[in-house]
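First up is the structure itself, then whatever we jot down about it.
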Amino acid sequence: MPASYAYLGPEGTFTEVALRTLPEAATRELTPYVSVQSALDAVRTGEAEAAFVPIENSVEGGITTTLDELVAGAPLMIYREVLLSITFALLVRPGTALSDIKTVSAHPAAQPQVRNWLKKHLPDAHWESAASNADAARLVQEGQYDAAFAGEFAAARYGLEALETGIHDAENAQTRFVLVGRPARPAAPTGADKTSVVLWQRDDHPGGLRDLLGEFATRGINLMLLQSRPTGAGIGNYCFCIDAEGHISDRRMADALKGLKRICLQVRYLGSYPRADMRPEDVQPPRLGTSDEEFVEAADWVARCQDGRF
Ligand SMILES: O=C(O)C(=O)Cc1ccccc1
């Protein structure tokens with residue numbers, strides 16, 4: 001039996017469409033799970049080789065269930081990311097008119113992407129959250145709700161029709177998905193990579209967050225995501241999910257992680273993986289003094305000083 005990739009199902013999610021763009025998905029059995037949690041748990045128990053889940057969208061930021069799952073529990077690692085441009089279709093049972101719609105459903109992350117459209121076209125409809133957009137379509141098929149926001153491609157799978165397509169409040173809304181597995185050696189650097197970590201501050205003090213960010217800034221490392229999540233230990237207690245430009249095998253990144261390890265209560269490494277938004281030839285060269293060669297030269301110089309050989 002081929003190894004299986006778990007994904008946020010049921011069949012017909014945007015997650016499935018994004019997963020199928022990965023070449024390695026063609027050689028795996030793809031298994032839908034009812035939630036991000038259950039897909040990631042399947043990886044933790046060894047039932048699945050990896051799980052593919054949404055993690056961030058350009059309209060509202062981090063998908064908190066996914067971030068919280070990566071922050072807590074047995075450690076997992078991100079191996080790949082995929083970006084997908086998203087517009088929604090309003091799916092209904094055949095024969096339903098706009099004026100018949102009293103309830104609409106979708107994944108909570110869809111709501112901020114269709115809010116204005118809803119206000120304009122269905123101001124009185126009740127919003128009901130579903131486990132995914134395709135699950136909302138399934139619930140419409142079962143008669144539980146009148147309409148679902150989902151991918152147009154989900155209509156055929158659930159015997160529905162699209163009353164409207166191309167729904168999007170924000171131009172170029174994109175969702176980012178990640179392939180998550182058990183910890184192992186990260187893939188080799190491609191030249192356009194991203195490193196994800198979670199940081200817990202050691203103590204609360206003025207400029208504490210600036211100290212954490214300074215470890216990246218002084219080494220010329222650009223950040224691409226900064227999302228605070230409550231630790232659960234009371235109001236004001238947060239950890240920080242960070243995506244930074246570069247690979248753990250870059251000297252400047254390894255050095256920044258060493259600095260963070262020294263000053264943080266805890267650092268959770270979530271992986272280094274190829275960026276979906278940029279090719280290696282388009283990446284800016286490292287800032288002055290932060291290339292691998294300059295780190296090696298500086299370390300040699302210190303070693304020579306320690307030996308009195310400068
Ligand atoms: O993959 C799906 O269909 C989901 O339910 C997650 C999601 C939610 C909103 C936009 C893209 C993906």
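We use all heavy atoms of the structure for the numbers below, so side chains are in, but hydrogens, waters and symmetry mates are not. Order of appearance sets the numbers: ligands from 1, and atoms from 1 within every ligand.
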Checklist entry - Who pairs with Asp255 by side chain to side chain donor-acceptor pair (under 3.5 Å), at least two apart in sequence or on another chain? => result Arg219

Side-chain donor/acceptor pairs under 3.5 Å, residues 232-248, sequence neighbours excluded:
from: Asn237; atom 1: ND2; to: Ala233; atom 2: O; distance (Å): 3.3
from: Asn237; atom 1: ND2; to: Gly234; atom 2: O; distance (Å): 3.4
from: Asp243; atom 1: OD1; to: Ser196; atom 2: OG; distance (Å): 2.7
from: Asp243; atom 1: OD2; to: Arg176; atom 2: NH1; distance (Å): 3.0
from: Asp243; atom 1: OD2; to: Arg176; atom 2: NH2; distance (Å): 3.1
from: Glu245; atom 1: OE1; to: Asn222; atom 2: ND2; distance (Å): 3.1
from: Glu245; atom 1: OE2; to: Arg275; atom 2: NH1; distance (Å): 3.2
from: His247; atom 1: ND1; to: Ser249; atom 2: N; distance (Å): 3.0
from: His247; atom 1: ND1; to: Ser249; atom 2: OG; distance (Å): 2.9
from: His247; atom 1: NE2; to: Ala187; atom 2: O; distance (Å): 2.7

Next on the checklist: Under a plain distance cut-off of 3.5 Å, with no hydrogens placed, do Asp193 and Thr190 share a side-chain donor-acceptor pair?
Outcome noted: yes

Item to check | Ser291 side chain to Glu294 side chain, donor-acceptor N/O pair below 3.5 angstrom | outcome: yes

Item to check | Close side-chain approach of Ser4 and Arg28, heavy atoms under 4.5 Å | outcome: no

Need the list: ligand 1 N/O atoms against protein N/O atoms, distance under 3.5 Å, rounded to one decimal.
from: ligand 1; atom 1: 1 (O); to: Phe14; atom 2: N; distance (Å): 3.2
from: ligand 1; atom 1: 1 (O); to: Thr15; atom 2: N; distance (Å): 2.8
from: ligand 1; atom 1: 1 (O); to: Thr15; atom 2: OG1; distance (Å): 2.5
from: ligand 1; atom 1: 3 (O); to: Phe14; atom 2: N; distance (Å): 3.0
from: ligand 1; atom 1: 3 (O); to: Asn133; atom 2: ND2; distance (Å): 3.0
from: ligand 1; atom 1: 5 (O); to: Asn133; atom 2: N; distance (Å): 2.9
from: ligand 1; atom 1: 5 (O); to: Asn133; atom 2: ND2; distance (Å): 3.2

Item to check | Residue pairs passing the ring pair (Phe, Tyr, Trp, His ring centres under 6.0 Å) test where at least one lies in residues 154-204, sequence neighbours excluded | outcome: Phe52-Phe177

